[in-house]
Amino acid sequence: GGAQVGICYGRVASNLLPPQTVVSVLQSNSINTVRIFKPDPEILSSFSGTGINLIVGVPNEILPELAQNPLSFSSQWLQDNIFAYIPPHKIKYLAVGNEIFLKEPYFTPFLVPSIKNLHRALISLNLGDSVKLSSTNAACVLSCSFPPSNGTFNLEILPEMKKLLRFLHKTDSPFMV
């Protein structure tokens with residue numbers, strides 16, 4: 001097989017195509033992975049049974065609740081917001097939070113606890129190995145990016161970034177920018 005191609009499917013625009021039409025366009029162009037910024041029942045249902053894998057965003061606004069509530073809250077959130085609309089095996093990643101470090105600092109202390117609670121919830125649903133968790137990061141998390149061998153993280157976020165990186169390493173999950 002050739003290289004995989006994926007896209008980000010944003011919904012902040014005017015004159016949007018219906019989700020079923022978007023799915024048809026993606027399939028006709030052999031797009032096999034799509035990032036959805038937040039769980040939307042109509043969009044998730046449109047991808048069910050298509051062969052397209054999803055990266056589903058977990059919105060920043062829910063992170064405090066995911067971080068501070070018992071495991072049952074995270075499990076129920078996954079069931080109610082994602083798995084009720086699409087089979088779990090079609091979810092490749094959950095992208096927990098969107099560009100939180102430096103851009104949405106209020107949510108920073110909730111990020112890793114949310115990821116860990118969602119991970120425990122996935123394990124309890126026997127999905128801990130099949131659905132990976134990460135968080136999408138803005139490029140500004142790097143204070144130096146060139147050459148890549150000199151890459152360093154912004155010192156302002158380093159303590160929290162180390163927590164995220166430890167989790168990603170432990171679970172063999174990707175770092176997303």
Side-chain angles (χ1 to χ4, degrees), residues 4-27 31-69 71-122 125 127-128 130-141 160 164 167-168 171 173-177:
Q4 292 188 8
V5 176
I7 62 135
C8 293
Y9 178 21
R11 302 280 299 164
V12 180
S14 57
N15 300 319
L16 294 169
L17 295 172
Q20 286 292 7
T21 303
V22 171
V23 168
S24 295
V25 170
L26 296 172
Q27 288 176 312
I31 304 294
N32 55 22
T33 305
V34 173
R35 177 180 173 210
I36 298 170
F37 289 88
K38 64 180 181 177
D40 176 290
E42 182 184 10
I43 293 171
L44 290 172
S45 296
S46 296
F47 282 96
S48 188
T50 64
I52 295 173
N53 293 310
L54 297 178
I55 301 168
V56 179
V58 177
N60 296 353
E61 298 75 33
I62 192 68
L63 298 187
E65 289 181 81
L66 290 168
Q68 296 172 334
N69 280 299
L71 175 63
S72 59
F73 180 87
S74 294
S75 296
Q76 195 63 53
W77 188 88
L78 288 168
Q79 294 286 8
D80 293 348
N81 292 280
I82 299 175
F83 302 141
Y85 304 103
I86 192 160
H89 71 276
K90 298 313 304 173
I91 307 298
K92 191 171 186 173
Y93 301 107
L94 292 178
V96 183
N98 184 48
E99 298 184 347
I100 287 177
F101 294 118
L102 299 172
K103 289 193 170 195
E104 296 274 353
Y106 168 78
F107 296 108
T108 299
F110 303 110
L111 179 61
V112 174
S114 294
I115 290 174
K116 288 181 175 180
N117 282 345
L118 287 167
H119 186 246
R120 286 192 280 273
L122 288 168
L125 298 168
L127 299 169
S130 59
V131 178
K132 297 291 186 178
L133 292 125
S134 190
S135 183
T136 56
N137 293 280
C140 64
V141 300
E160 290 297 320
L164 175 62
F167 174 85
L168 297 177
T171 59
S173 298
F175 181 78
M176 296 180 174
V177 177

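None of the values given here were measured: they were computed from a predicted structure.
- Within the 3.5 Å criterion, the main-chain N or O of L44 finds no donor-acceptor partner in the side chain of S48.
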| query | Hey, mind stepping through I52 and Y9 against side-chain contact (heavy atoms from CB on, under 4.5 Å) and telling me if it holds? | reply | CA-CA 12 Å; I52 295 173; Y9 178 21; over 6 Å; no
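- At least one side-chain heavy atom of F110 sits less than 4.5 Å from a side-chain heavy atom of Q68.
- Side-chain contact check for M176 versus Y93: some heavy-atom pair is nearer than 4.5 Å.
- Using a 4.5 Å heavy-atom threshold, the side chains of P39 and P59 count as touching.
- Without hydrogens or angle criteria, N15 side chain to A13 main chain gives no donor-acceptor distance under 3.5 Å.
- N117 has its side chain out of reach of W77: every pair of non-hydrogen atoms, C-beta onward, lies at least 4.5 Å apart.
- Put simply, the side chain of P88 does not reach to within 4.5 Å of the side chain of L125, judged on heavy atoms.
- In this structure, the side chain of T136 does not engage the main chain of A95 through any donor-acceptor pair within 3.5 Å.
- L16 contributes atom CG, which lies 4.5 Å from atom CZ of R11 (distance to the nearest 0.5 angstrom).
- Counting all heavy atoms, side chain and backbone alike, L168 lies closest to S134 at CD2-OG, 3.7 Å.
- For the pair K132 and S173, the tightest heavy-atom approach, listed with the atom from each and the gap, is CD-OG, 3.6 Å.
- The closest side-chain heavy-atom distance from F167 to L133 is below 4.5 Å.
- Contact of the I62 side chain with the N81 side chain is not registered, since no non-hydrogen atoms from C-beta on lie closer than 4.5 Å.
- With rounding to the nearest 0.5 angstrom, the CG atom of D40 is 10.5 Å from the CZ atom of F47.
- Judged by distance alone, with hydrogens and angles left aside, the side-chain atoms of E104 form no donor-acceptor pair with the main-chain N or O of N98 at under 3.5 Å.
- No side-chain heavy atom of V56 sits under 4.5 Å from any side-chain heavy atom of I86.
- Listed here is the closest heavy atom pair of V141 and F101: CG1-CB, 3.8 Å.
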| query | Stepwise, does the side-chain contact (heavy atoms from CB on, under 4.5 Å) test hold for I91 with L127? | reply | CA-CA 10 Å; I91 307 298; L127 299 169; over 6 Å; no
| request: Test side-chain contact (heavy atoms from CB on, under 4.5 Å) on S114 and V58 and set out the steps. | output: CA-CA 10 Å; S114 294; V58 177; over 6 Å; no
| message | For a side chain to side chain donor-acceptor pair (under 3.5 Å) check, start with the C-alpha distance between E65 and N69, then their side-chain angles and the critical distance, and finish with the verdict. | response | CA-CA 6 Å; E65 289 181 81; N69 280 299; 4.7 Å; no
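- Rounded to the nearest 0.5 angstrom, L66 CG and L71 CG are separated by 11.0 Å.
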| message | Checking L94 against L122 for the side-chain contact (heavy atoms from CB on, under 4.5 Å) test, could you report, in this order, the C-alpha distance in whole Å, the side-chain angles of both residues, the deciding distance, and whether it holds? | response | CA-CA 11 Å; L94 292 178; L122 288 168; 4.2 Å; yes
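- In this structure, the separation between CD on Q79 and OH on Y85 is 11.5 Å, given to the nearest 0.5 Å.
- When all heavy atoms of S135 and V96 are compared, the pair lying nearest together is OG-O, 2.7 Å.
- Remark: K103 pairs with E99 by the salt bridge (charged side-chain N to carboxylate O under 4.0 Å, His left out) rule, at least two apart or across chains.
- Between atom OG of residue S130 and atom NZ of residue K90 there is a gap of 11.5 Å, rounded to the nearest 0.5 Å.
- A 6.0 Å sphere centred on NZ of K116 holds no more than 12 heavy atoms belonging to other residues, nucleotides or ligands.
- When every heavy atom of Q27 is checked against every heavy atom of T50, the shortest pair comes out as NE2-O, 3.1 Å.
- To the nearest 0.5 Å, atoms SG (C8) and CD1 (I55) are separated by 7.5 Å.
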